[in-house]
Amino acid sequence: MTKDPVVKIILPANKTITTAGGRSLQEIGSEVQEYYSTDIVGAVVNGKLKDLAYTAEHNDVISFLDLTAKEGARIYQRSLTFLLIYAARQLFPDAQVKIEHSLGKGLYCEIEKTPPLNAADVASIEEKMREIVARDLPIEKKKISIKEALAIFKSEGFEDKVSLYKRFPGKEVTVYSLDDLTDSLHGYMVSRTWVLKKFALLFHAPGLVLRFPGREDPFSLPPYVEQKKLFNIFRETEKWMEILGFETVGVLNDLIEQGHGPDIIRINEALHEKKIARIADEITEHKNDIRVILIAGPSSSGKTTFAQRLRIQLMVNGIRPYPISIDDYFLDRDRTPLDESGEPDFEHIEAIDLALFNEHLTKLINGKEVEIPTYNFSTGKREYRGHVARLQKGQPLILEGIHGLNERLTASIPRKNKYKIYISALTALSVDRHTRIHTTDTRLLRRIVRDKQFRGISALETIRRWPSVRRGEERDIFWLQEEADIMFNSSLVYEAAVLKEFAVPLLQEIKQHEEGYIDAKRLLLFLSAFVPLNPNDVPSNSILREFIGESCFFRP
C-alpha cells in the first residue's frame, strides 16, 4: 500500500493491512479509527504495550486498543484520574488528592481540603473536568532524569512520590504533563483530553466516586450500586494503616530499610488474628441459631487458611465446627456444565450436585448420620469410601467455597441458621497517593506463586487462565458481596515485599511474543517498587503461607 518504512496493522476480526511507518501511532490510528468501536487509546506493538506518542518503525506489527480492550480500559481510567487530579488542583490549589479503591463499578477517591469536600465541590470538579475535555488539551509524555523528577515532585508537594522514586532503579522516569501539572501514574495515558468524554462524579462522603464505562459497554456508564459493607471494610483497613503508620509503598520501604519489617509483619498479622477472633465471638454469641458457617470469596483470597484460623478461634470458644468440602459434591465430569470454550466449568454452581448436597446438609443438622462422598479428580467421578459423619448437639458445619454466598447452594437451610463470611484481598496500600494497587493484581500474584509452588503451573499459564477466573468471579461472587454477614480483608500490607522474591523469576520467564507478556511486565514494574522482606519472618499460620509455602495448616 505504501513504500518503506512499512508497518503491519492487525485490525478487529484479524483483518490485516499495511501502511507507512515513521509516523506516530496517533497519526496511524486516525487512519483506521473507523474499524474500532470507541476511540483508540493505545496499542500493542510487537507484543509490547505502547502509547500513541510512539513512532512506528519498519516492520512493526501493531494492534490498536480501544476501550473494549483490557489495557485500553486501564489507559482510559488512568487518564481520567489524572484529569480529576488536575481539575481538583485547579479549583482547590492546596488540596491533596488520593485515589483509593474500586467501589460500585467506579473508583473511590478522597480530596483532602479545608473546608471538607461537599456535594457542591464535587459538582464543580466535574464541571471543570468537562471544560478541560472540551478544550482538547494535550497530555504530553516526557522522559526526564530521576533528579529532575524528584525536584518536580517535591515542588508539587508529592512527598510520597519523592519517597518512592528516590530508589527508582533506572536513570530516567516517564512523566505526563497537563498544562502546569506534571505527574507519574505508573503507566500510559491518552494523548489529548478530548478522548475522556465518558465519565461522571458522585459525591460519596467523605470523598467521591469517579465513574467510567466498562469494557462490556464502553458507550454508557454502568449503574452505580451502593456497597455499604464493602466500603466499611475499606474504612476499617484504612484504620489498620493508621496503626501501622503508613499508606504508600515509599514509606513502607523506608521502614523496611530502617529494620522495622518484622514488626510490620507481626502487627499486620495480629490485626488479622484480632478480627478473626471477633468473628468467632460473634458466631459464638449466636451459636443456638447458627448451624452452617459459609466462607466465600474470589480466587486466591486465602479462604482455606482463613477457615482453619476461624476453626481454631471457635475451638477456643468451645465450638468444634465440622468441615465439609463442597468439591466432594461435584457432579460426575460427564454431567459437568461446559464453559464458552467447551471445557468443563467446575466453577459454575451447576457443577455441584445441589440436590444431594442439600439433602446431606439437612440430615446432618437434624442429627442424622450421612455417608460423605469423595470426589476423585483423576476419574472425574464421585466415590463413597466409608466416610460417615454425624454432628454432635450444637455442632455447626463449616463450608468454604466460591458459592458460599449464593442461597442456591444451601437452599434447604433457613437463612437465620447461616452465617456468611466474604473474604477477599482488598488492598489498602497504595503505590503513591495517585496510584492505587489493583486488588486483582494482588490476587494474581498470589496465584502465580501458589500455582508454581504446589501445582507445577507456569506463570504464563496462570496469566492465560486469569480472564476465565475473573469472568467466573463476576458471574458467581461479586454481585453477592453485600449478602455477607461480615467481610474480612485478607490483604497484608507487606505481602508484595515478600512475594517479590518468589514472583519475579517466574514472571521473567515470559517472553515478548507470548500473550502474557504485557501482564508480566506490568507486574514486574509494580514489584520493582518494593524493598524485599525476608519470608522467614512470616508466621506459619499466615494467610500468605497458603501461597508461598510452609503453612502449619498444609503440611506435606
Side-chain angles (χ1 to χ4, degrees), residues 70 101-102 230 233 237 268-269 272 276 294-310 325-327 345-347 399-405 421-429 436-478 480-481 484 487-504 506-507 510 516 519-520 522-524 526-527 530 535 538 541-551 553-554:
K70 179 182 69 174
H101 52 77
S102 59
L230 185 65
I233 198 68
T237 306
N268 202 167
E269 293 290 346
H272 266 196
I276 295 170
L294 296 143
I295 302 167
S299 173
S300 303
S301 55
K303 297 184 291 294
T304 306
T305 300
F306 174 85
Q308 292 290 342
R309 288 174 66 171
L310 178 62
S325 172
I326 300 171
D327 289 358
D345 186 357
F346 295 108
E347 305 294 316
L399 311 175
E400 172 254 306
I402 63 172
H403 299 294
L405 301 182
I421 304 168
Y422 176 76
I423 172 174
S424 189
L426 305 168
T427 314
L429 183 71
R436 69 187 179 109
I437 296 173
H438 290 257
T439 291
T440 52
D441 282 348
T442 298
R443 292 193 292 111
L444 177 55
L445 281 169
R446 286 179 172 187
R447 183 155 174 155
I448 286 169
V449 172
R450 183 191 64 190
D451 280 359
K452 184 64 176 178
Q453 290 266 91
F454 305 115
R455 303 175 184 178
I457 298 172
S458 69
L460 176 60
E461 186 59 28
T462 298
I463 290 172
R464 281 175 175 164
R465 294 178 182 181
W466 192 241
S468 176
V469 172
R470 296 281 292 117
R471 284 193 294 273
E473 292 169 352
E474 291 287 345
R475 180 192 66 200
D476 298 321
I477 301 173
F478 295 142
L480 288 166
Q481 289 174 112
M487 292 186 176
F488 179 81
N489 186 355
S490 72
S491 73
L492 294 151
V493 294
Y494 69 82
E495 66 181 273
V498 172
L499 289 171
K500 180 175 184 175
E501 173 186 318
F502 298 87
V504 166
L506 304 179
L507 293 166
I510 300 176
D519 287 306
R522 184 186 72 253
L523 293 172
L524 283 168
F526 165 62
L527 290 171
F530 288 84
V538 179
N541 70 339
S542 172
I543 280 172
L544 193 56
R545 286 289 174 192
E546 186 173 325
F547 306 96
I548 66 174
E550 298 186 21
S551 168
F553 298 119
F554 312 106

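Note that these values count all heavy atoms, side chains included, but never hydrogens, waters or copies made by symmetry.
Checked against side chain to side chain contact (heavy atoms under 4.5 Å, CB included), Ala296 has the following partners two or more places apart in sequence or in another chain: Leu405. Partners of Asn541 according to the side chain to side chain contact (heavy atoms under 4.5 Å, CB included) rule, which considers only residues two or more places apart in sequence or in another chain, are Glu273, Arg309, Pro539, Cys552, Phe553. Partners of Ser468 under the side-chain hydrogen bond (donor to acceptor under 3.5 Å, both in side chains) rule, at least two apart in sequence or in another chain, do not exist in this structure. Annotation: ring-ring contact (aromatic ring centres under 6.0 Å, His included) contacts of His403 (sequence neighbours excluded): none. Applying the salt bridge (Lys or Arg N to Asp or Glu O under 4.0 Å) test to Arg450 and every residue at least two apart in sequence or in another chain returns nothing. Take Ser102 and apply the side-chain hydrogen bond (donor to acceptor under 3.5 Å, both in side chains) test, not counting sequence neighbours, and it matches no residue. Applying the side-chain hydrogen bond (donor to acceptor under 3.5 Å, both in side chains) rule to Gln481 yields the partners Tyr422; only residues at least two apart in sequence or on another chain are considered. In this structure, Phe547 has no ring-ring contact (aromatic ring centres under 6.0 Å, His included) partners at least two apart in sequence or on a different chain. In this structure Phe478 satisfies the ring-ring contact (aromatic ring centres under 6.0 Å, His included) test with no other residue, sequence neighbours excluded. A search for side chain to side chain contact (heavy atoms under 4.5 Å, CB included) contacts involving Ser458 returns Leu460, Glu461, not counting sequence neighbours. Here Thr439 pairs with nothing under the side-chain hydrogen bond (donor to acceptor under 3.5 Å, both in side chains) rule; sequence neighbours left out.
Counting only residues at least two apart or in different chains, salt bridge (Lys or Arg N to Asp or Glu O under 4.0 Å) contacts with residues 487-499 comprise Arg446-Glu495.
Scanning all heavy atoms of the two residues, the minimum distance from Ala520 to Ile463 falls at N-CD1, 4.3 Å. In plain terms, the two heavy atoms of Arg545 and Glu550 that are nearest each other are CD-O, 3.6 Å.
The closest side-chain heavy-atom distance from Leu527 to Leu507 is below 4.5 Å. The shortest side-chain heavy-atom distance between Phe554 and Thr305 falls under the 4.5 Å cut-off.
The residues Asp441 and Arg522 are annotated as salt-bridged, a charged nitrogen and a carboxylate oxygen being separated by less than 4.0 angstrom.
The CD1 atom of Ile421 sits 4.5 Å away from atom CZ of Phe306, with the distance rounded to the nearest 0.5 Å. How far NE2 of His438 is from CG of Leu523: 10.5 Å, rounded to the nearest 0.5 Å.
In summary, the side chains of Asn489 and Ser491 do present a donor paired with an acceptor at a separation below 3.5 Å, with no hydrogens or angles considered. Remark: the Thr440 side chain and the Arg470 side chain contain no N/O donor-acceptor pair separated by less than 3.5 Å.
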